[in-house]
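What follows is a single structure, written as structure tokens, with notes after it.
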Amino acid sequence: MRTATLGPAQRAESLAAMAERELDVLVIGAGVVGAGTALDAVTRGLSTGLVEARDWASGTSSRSSKLIHGGLRYLEMLDFALVREALKERGLLLERIAPHLVKPVPFLYPLQHKGWERWYAGSGVALYDAMSMARGHGRGLPLHRHLTRRHALRVAPCLKKDALVGALQYYDAQMDDARFVTTLVRTAASYGAKVANRARVTGFLREGERVVGARVKDVEGGGEYEVRAKQIVNATGVWTDDTQAMVGERGQFHVRASKGIHLVVPRDRISSSTGLILRTEKSVLFVIPWGRHWIVGTTDTDWNLDKAHPAASSADIDYLLEHVNSVLAVPLTRDDVEGVYAGLRPLLAGESDATSKLSREHTVAHPAPGLVVVAGGKYTTYRVMAKDAVDEAVHGLDMRVADCVTEEVPLLGAEGYRALWNARARIAARTGLHVVRIEHLLNRYGAMTEELLDLIADDPALGEPLQFADDYLRAEIVYAASHESARHLDDVLTRRTRISIETFDRGTRSAREAAELMAPVLGWDKDQIDREVQHYEKRVEAERESQLQPDDQTADAARLGAPDIVPL
């Protein structure tokens, strides 16, 4: 199957094509659910468009805990159906849909009470494994095991000796969330979906009660398009209520935003060969392996301020440090923190005031003829949400439509990934790149790695690492702009790579080199390069300032000190 190249020319062609003739389905919002919905629709044979106001995964879907998991804590809430569904999806992603992007990750759960806790927690984890195996998609992960305190401290020497009496170890999975969404979008495009980022819906087209399309503004070029569609799917996450307001219809449900923040610290700051999962008074705390780093998260607090740029306050950071340090023999300090990011969970508004108790179930509704809304849910079950949304849209189409096939559709890069992985030493010898570099590329692009190697063959300088972010090759920056729809420096440093959270300078020292690599692809002159770099530096400065503020209100005000988009 051919891969879709999503560069500037393809974006312009997609916008023009969407306005040219009526689509079967137009999806608004390219987080994981919107991107998954576009893939589901197009693989049923429907003419499909996907528009995103900012960048792929620029909201919630790039700011998660990076986990694909069954939701072990939902077992405690007796939500067996949600866990069963999520475990099936985890297995499909690991084994069939995206083995190049989704990887197993071990977690250690320290036990603090003798006797009853090992039985209680052990029963839960045993049920978790059994439910996974029963779905027929759990064989790719090792089963859980019980550890003595001595054994647990060998596996995780970072723990205080008095912080545990023993431990359990179990497995879940993880991915780079933003890269996953970008790959979903490219996969949809490769099957014929028309996709455009930086394309904002400013209103809906109506014929009587029926919604028949949307007005779409090209945020980059300034043009406005009327895109007509037989069915529109609103998959805008925490913006669901705002999008619904444009229709003038009261929603059948409301979406409430819960803020979660994460810290990124270097791998050498926590001595452990496994991730950790810790109980807090409100929820759970994860310490997640992330390449040469750890991700520590998360919080769970109500958020009613700016949705585009949720800010982490000083209190948020202190909360995470305090809780993780309660079990660490060598505590973390502010100076250990490389990166901080904040995201908003789209939770269905319920009766409980505590956001941690709101449902992670999803809901699909048809609030007006021609308009479907999908909201809630969790990252792991995006494919099920997408299926349900398209099933609902199909009810409004006067045509016979095939059933969902995405359970059988690998994402771009999955086909051939394992064969290339087995040949990685030979590829390294052929290209002159270190085998570790080839592994890095294969685990980010899968079989599409060959496309990056072609760039390097044409220009060997692209095979060099970025000067101040040497986990990434220069070719990856060019590829992001030429193949992955990156329109701005922020897109590359924050989402196509994770340089913004993986370096102590937050990517500012890499900014100019990256902008200069993007410039030929996007047609930037020196002035635009300067604007991109200055904009990025201001964004980092505003984020740093927000993280010094005592509460959400002052943090939000500080973060809004940087403009949202670079003027062209």
Side-chain angles (χ1 to χ4, degrees), residues 54-55 57-59 62-63 178 198 219 259-266 293 295-297 299 303 305-321 332-344 466-469 471-472 477 480 486-519 524 526-568:
R54 295 186 297 151
D55 184 30
S58 56
S62 60
R63 307 178 193 191
R198 309 284 179 188
V219 177
K259 183 178 71 168
I261 82 143
H262 296 80
L263 311 180
V264 183
V265 301
H293 318 269
I295 292 174
V296 180
T299 57
W303 179 264
L305 302 167
D306 179 64
K307 295 188 183 82
H309 304 294
S313 68
S314 181
D316 291 327
I317 296 169
D318 287 344
Y319 172 88
L320 287 182
L321 289 176
L332 297 174
T333 70
R334 288 273 184 134
D335 292 340
D336 295 318
V337 177
E338 289 174 290
V340 181
Y341 65 93
L344 300 177
L466 213 57
Q467 190 173 359
F468 296 106
D471 280 350
Y472 299 95
I477 309 302
R487 300 287 302 166
H488 293 284
L489 180 60
D490 185 54
D491 299 342
V492 169
L493 296 183
T494 307
R495 285 173 291 278
R496 303 304 183 280
T497 70
R498 309 321 287 260
I499 292 169
S500 67
I501 59 171
E502 292 176 349
T503 57
F504 279 104
D505 62 86
R506 310 276 172 99
T508 53
R509 290 198 297 169
S510 306
R512 186 160 295 276
E513 183 183 2
E516 288 171 352
L517 287 165
M518 297 172 69
W524 293 347
K526 183 181 181 303
D527 287 345
Q528 182 61 23
I529 291 172
D530 289 343
R531 279 197 293 272
E532 293 282 341
V533 173
Q534 289 164 12
H535 165 78
Y536 185 78
E537 290 173 344
K538 285 178 182 173
R539 199 212 82 174
V540 171
E541 183 183 346
E543 284 188 347
R544 287 189 185 277
E545 182 63 27
S546 70
Q547 290 155 20
L548 298 174
Q549 303 308 310
D551 54 39
D552 283 352
Q553 284 72 22
T554 51
D556 180 62
R559 176 60 187 89
L560 291 176
D564 189 27
I565 194 165
V566 182
L568 291 171

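Residue indices begin at 1 and follow the sequence shown. The basis for the numbers below is simple: all heavy atoms, side chains too, and nothing from hydrogens, waters or symmetry mates.
Side-chain atoms of Arg506 never come within 3.5 Å of backbone atoms of Ile499 as a donor-acceptor pair (strictly under, hydrogens ignored). Listed for the Ser62 side chain is a donor-acceptor partner under 3.5 Å among the backbone atoms of Ala57. In this structure a side-chain-to-backbone donor-acceptor pair under 3.5 Å is present from Glu532 to Leu489. For Asp55 (side chain) and Ser58 (main-chain N/O), no donor-acceptor pair under 3.5 Å exists by modelled atom type. Using a distance-only test at 3.5 Å, with no hydrogens or angles considered, a donor-acceptor pair links the side chain of Glu513 to the main chain of Gln467. Side-chain atoms of Tyr472 come within 3.5 Å of backbone N or O of Arg498 as a donor-acceptor pair. Between the side chain of Asp491 and the main chain of Arg487, a donor-acceptor pair closer than 3.5 Å is present.
To the nearest 0.5 Å, atoms OG (Ser314) and CD1 (Ile317) are separated by 6.0 Å. Distance check, rounded to the nearest 0.5 Å: OG of Ser500 to OH of Tyr536 gives 4.5 Å. One distance of note links CG of Leu263 with NE2 of His293; it measures 14.0 Å at 0.5 Å rounding. To the nearest 0.5 angstrom, Arg559 atom CZ is 5.0 Å from Glu543 atom CD. If you take CG on Leu493 and CZ on Arg539, they are separated by 8.0 Å, rounding to the nearest 0.5 Å. Taking CD from Glu545 and CD from Gln549, the interatomic distance works out to 5.0 Å, rounded to the nearest 0.5 Å.
Between Arg544 and Val340, the closest side-chain pair of non-hydrogen atoms is not below 4.5 Å. The shortest distance between side-chain heavy atoms of Asp318 and Arg334 falls below 4.5 Å. Proximity of His535 to His488: side-chain heavy atoms (C-beta onward) are nowhere separated by under 4.5 Å. Side chains of Thr494 and Tyr341 form no contact here, defined as non-hydrogen atoms less than 4.5 Å apart. Within the 4.5 Å cutoff, side-chain heavy atoms of Pro310 are placed close to those of Arg63.
Judged by distance alone, the side chains of Gln528 and Arg531 do bring a donor and an acceptor atom under 3.5 Å apart.
Considering every non-hydrogen atom in both Phe504 and Pro266, the closest pair reads CZ-CG, 3.7 Å. Between Arg496 and Ala486 the shortest heavy-atom distance is NH2-N, 3.6 Å. Scanning both residues, Thr299 and Asp316, for their nearest heavy atoms gives CG2-O, 4.3 Å. In plain terms, the two heavy atoms of Ala342 and Ala312 that are nearest each other are CB-N, 4.1 Å. Scanning both residues, Arg495 and Asp490, for their nearest heavy atoms gives NH2-OD2, 3.5 Å.
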Check your understanding: Stepwise, does the side-chain contact (heavy atoms from CB on, under 4.5 Å) test hold for Asp551 with Ser313?
Key -> CA-CA 5 Å; Asp551 54 39; Ser313 68; 5.6 Å; no

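The only option from Thr497, Ile477, Asp471 that meets the side-chain contact (heavy atoms from CB on, under 4.5 Å) definition with Leu466 turns out to be Ile477.
With salt bridges taken as basic N to acidic carboxylate O contacts below 4.0 Å, none links Lys259 and Asp556.
More than 12 heavy atoms of other residues, nucleotides or ligands shown are found within 6.0 angstrom of CD on Glu537.
Partners of Pro550 under the side chain to side chain contact (heavy atoms under 4.5 Å, CB included) rule, at least two apart in sequence or in another chain, are Thr554. Judged as a side chain to side chain contact (heavy atoms under 4.5 Å, CB included), and not counting sequence neighbours, the contacts of Arg509 are Phe468, Asp505.
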